[in-house]
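All remarks here apply to the structure that follows.
The figures that follow rest on heavy atoms only: side chains count, while hydrogens, waters and symmetry mates do not. Chain identifiers are assigned alphabetically (A, B, ...) following the order of the sequence lines, protein sequences preceding nucleic acid strands; residue numbering begins at 1 within each chain.
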Protein chains: 2
Amino acid sequence: MLQTVQRAAQVLRLFTPEQPEWGVTEVAAALRLPKSGAHSLLSTLASEGLLQRTPGGRYRLGWSLFEHSQTLLETTDFLLIARRMMEQLVAGWGETTHLAVLIDGQVLYVEKLQGDRALEIVLSRVGKRLPAHCSGVGKVLLAHRPWEEVVAIVERQGLPAFTPNTITTIDRLRVELEEVRLQGFAYDQEEVMVGLCCVAAPIRDESGQVIAAMSLSVPAYRFYPYRQRLTTAVIEAARHVSTQLGYYGEEPEWTSVKRSRSRSSARATSVRT
Amino acid sequence: MLQTVQRAAQVLRLFTPEQPEWGVTEVAAALRLPKSGAHSLLSTLASEGLLQRTPGGRYRLGWSLFEHSQTLLETTDFLLIARRMMEQLVAGWGETTHLAVLIDGQVLYVEKLQGDRALEIVLSRVGKRLPAHCSGVGKVLLAHRPWEEVVAIVERQGLPAFTPNTITTIDRLRVELEEVRLQGFAYDQEEVMVGLCCVAAPIRDESGQVIAAMSLSVPAYRFYPYRQRLTTAVIEAARHVSTQLGYYGEEPEWTSVKRSRSRSSARATSVRT
DNA sequence: CGCTGCTGTTCACAATAGCTGAACGATGGT
DNA sequence: ACCATCGTTCAGCTATTGTGAACAGCAGCG
């Protein structure tokens with residue numbers, strides 16, 4: 001593990017919507033580095049376009065990140081397909097849909113389409129992370145990871161409560177995830193925000209791996225009456241995306257390893273290092 | 001300059017829409033590194049989320065890049081404002097508008113809105129770079145950089161010709177840029193694509209620095225009849241953005257660089273329309 | 001107007017992080 | 001069942017990077 005690269009990544013992570021601009025001294029203080037070291041990192045990152053120097057000698061995120069992000073989006077197969085299905089969902093229900101992936105044990109919202117009938121959901125924002133245990137998409141994504149990985153995530157990040165309904169114990173989470181895996185979808189019953197429910201379903205690639213999750217978020221009072229129909233709508237939409245990605249089988253999953261050049265040993269066997 | 005960080009950035013740059021997936025050996029060959037070195041880079045980048053490991057042990061760009069890109073976009077003041085003006089331009093003319101910044105001597109398209117009357121412009125794509133000397137936005141951006149910098153850029157990248165109209169000599173470029181700077185806008189008269197013209201104007205921040213350029217792209221046969229009106233439309237749109245960013249003065253420019261050490265300051269979001 | 005407190009930047013030296021090349025283990029193709 | 005090729009690991013040497021103090025520029029204040 002290259003320490004210098006790790007530090008550079010740490011530097012990038014400092015830049016947030018709340019503090020989008022950093023100076024050398026601030027970075028040095030935040031990362032417990034000598035000023036000169038922070039300066040090296042910042043200036044090389046800037047010369048590579050990953051940061052940009054402001055006229056005042058401070059630093060902001062650079063446009064190379066936007067470039068790379070665009071190539072990522074353009075080459076992510078499920079995005080375009082999922083977006084089409086999301087548009088149909090919004091057109092049909094007028095509610096808000098989310099598309100999310102699991103990264104580092106958290107949910108990252110990749111796309112969000114808001115319906116005309118929908119209330120503004122402030123918590124979710126494209127490009128934002130949220131804990132996975134409380135949302136529909138999060139539970140879907142967690143449910144299809146090996147249990148040991150889920151345990152590791154929970155040990156690292158805990159199970160913070162957002163509402164009285166949020167799952168806060170690992171036992172409850174285990175039961176819930178099993179259910180989600182068996183039935184093929186997840187509900188969020190006001191677990192992240194009071195008054196807000198959602199249904200989420202998994203998106204699979206051709207190998208059966210769950211690579212993303214799609215959801216429909218609905219105000220509670222409109223959710224319960226239509227729950228059944230909402231559920232099938234989301235499931236079918238997600239299924240349709242998976243099919244277009246080349247997924248036909250039922251449940252290959254990571255159990256019977258038939259993947260190409262799979263290095264599953266690192267994940268399946270035991271905890272490494 | 002931290003060599004390791006530079007190499008890491010080089011690795012990221014390898015990932016393109018044409019080749020979005022790389023293996024250790026390929027990277028090693030492309031960068032003339034020993035396999036083990038390439039492996040170090042790839043695996044640490046992956047562990048930081050800047051890359052992701054595919055099940056086959058190969059690598060793709062990681063979602064952290066998307067995250068960082070989003071925070072960049074959200075904290076870039078001119079984007080939201082410019083987007084509104086671009087929508088008005090498209091609504092009024094039905095043509096295609098571009099928003100671009102200068103990065104590394106090249107034009108990077110940040111936003112593109114296509115009008116219903118417009119023909120598909122394949123060359124420009126959000127997130128894509130193009131040489132600066134041939135497009136309207138490029139000439140605007142170059143015109144407001146110190147001449148020595150322009151010379152350095154040309155020496156590094158040359159003046160590749162796209163059409164018979166493309167500027168291919170540094171003398172011609174100097175004259176053109178002077179004109180652009182004086183008149184406050186730039187034309188592209190079929191210099192990047194035969195049959196396509198455009199008008200571009202600069203967007204300035206509160207210090208007068210040109211930070212971006214906006215343009216209207218129009219088929220040649222529709223461009224010349226309406227040139228005057230198109231020009232004023234783009235100029236006024238860009239001017240409006242600059243004003244909302246806090247630009248009042250005339251031409252502070254980079255002569256007498258008053259480097260405001262102002263921190264995030266009061267965001268330029270002065271008034272909402 | 002010239003202080004003083006901050007910035008970001010530069011430099012030499014010391015030591016540690018990382019580059020190197022070969023050997024490993026596992027995969028897919030023949 | 002083989003071989004070719006891939007990603008991964010390891011231990012040693014070299015060069016890169018971390019270090020801390022001194023430098024230069026700007027803002028604000030007296």
Side-chain angles (χ1 to χ4, degrees), chain A residues 1-11 14-15 19 21-48 51-60 62 206-207 254 256-273, chain B residues 1-11 14-15 19 21-48 51-60 206-207 252 254 256-265:
Chain A
M1 293 296 141
L2 303 186
Q3 190 193 58
T4 315
V5 176
Q6 290 184 312
R7 281 220 244 277
Q10 276 181 49
V11 169
L14 290 176
F15 293 78
Q19 186 163 355
E21 209 175 306
W22 288 74
V24 172
T25 313
E26 292 169 310
V27 171
L31 266 56
R32 302 258 165 71
L33 292 174
K35 268 201 309 183
S36 57
H39 177 258
S40 302
L41 285 166
L42 288 169
S43 70
T44 59
L45 283 171
S47 80
E48 298 297 329
L51 293 179
Q52 52 182 146
R53 217 194 311 260
T54 70
R58 297 165 60 76
Y59 295 85
R60 299 177 45 79
E206 74 279 359
S207 74
W254 69 77
S256 75
V257 187
K258 182 56 189 156
R259 286 193 309 264
S260 56
R261 288 195 66 77
S262 154
R263 200 140 290 280
S264 56
S265 54
R267 193 171 46 231
T269 52
S270 60
V271 186
R272 307 268 296 184
T273 48
Chain B
M1 292 298 141
L2 302 186
Q3 191 193 57
T4 315
V5 176
Q6 289 184 313
R7 282 221 242 276
Q10 274 180 50
V11 170
L14 290 177
F15 293 79
Q19 185 163 357
E21 209 174 307
W22 288 76
V24 171
T25 314
E26 293 170 309
V27 170
L31 266 54
R32 301 261 165 68
L33 291 174
K35 267 201 308 185
S36 56
H39 178 258
S40 301
L41 285 165
L42 288 168
S43 71
T44 59
L45 282 170
S47 80
E48 298 297 329
L51 293 178
Q52 52 183 146
R53 217 193 313 256
T54 70
R58 295 166 63 77
Y59 294 85
R60 298 178 43 81
E206 74 279 359
S207 74
W254 70 78
S256 99
V257 185
K258 61 168 153 186
R259 322 199 319 177
S260 60
R261 195 175 286 281
S262 63
R263 314 194 25 141
S264 55
S265 68

Starting at atom CZ of A:Arg7, determine the distance to atom C1' of D:dT19, rounded to an integer number of angstrom.
11 Å
Rounded to the nearest Å, what distance is computed from the CG atom of residue B:Leu41 to the P atom of nucleotide C:dA17?
17 Å
B:Leu14 and B:Glu26, any side-chain heavy atoms less than 4.5 Å apart:
no
Would you mind telling me which of D:dT8, C:dA17, D:dT17 lies closest to the side-chain atoms of B:Arg53?
D:dT8
B:Gln3 CD to D:dG18 C1', in whole Å, measures 15 Å
Counting side-chain heavy atoms from CB outward, which of C:dG8, C:dA17, D:dG20 is closest to A:Ser36?
D:dG20
State, with a plain yes or no, whether a side-chain heavy atom of A:Leu41 is found less than 4.5 Å away from one of B:Leu2.
yes
Using atom NE2 of B:His39 as one end and atom C1' of C:dA22 as the other, report the distance to the nearest whole Å.
16 Å
Integer-rounded Å distance: D:dA15 C1' and B:Met1 CE:
18 Å
Distance in angstrom units between A:Leu42 CG and C:dG8 C1', rounded
10 Å
Length of the CH2-P vector between A:Trp22 and C:dT7, whole Å:
13 Å
Roughly, in whole Å, what's the span from CD in B:Glu26 to P in D:dC6?
8 Å
Of the options C:dG8, C:dG18, D:dT8, whose atoms approach the side-chain atoms of A:Thr4 most closely?
C:dG18
Got a second to check how far A:Glu21's CD is from A:Gln52's CD, nearest 0.5 Å?
9.0 Å
Distance from A:Arg58 atom CZ to A:Thr25 atom OG1, nearest 0.5 Å?
9.0 Å
Selection from D:dT19, D:dT8, C:dT9 that lies nearest to any side-chain heavy atom of A:Leu33
D:dT19
Hey, is the side chain of B:Tyr59 poking within less than 4.0 Å of OP1 or OP2 on D:dC6, counting only N and O atoms?
no
Checking C:dA17, C:dG8, C:dC19 against the side chain of A:Leu2 (C-beta onward), the nearest is C:dC19
I'd like to know if A:Lys35 reaches the base of D:dG20 with its side chain, counting only an N/O donor and acceptor under 3.5 Å.
no
Does the side chain of B:Phe15 reach to within under 4.5 Å of the side chain of B:Leu51, using non-hydrogen atoms?
yes
Give a yes/no answer on whether the side chain of A:Thr25 brings an N or O atom under 4.0 Å of OP1 or OP2 in C:dG8.
yes
Which nucleotide sits closest to the side chain of B:Arg58: D:dT17, D:dG7, C:dT9?
D:dG7
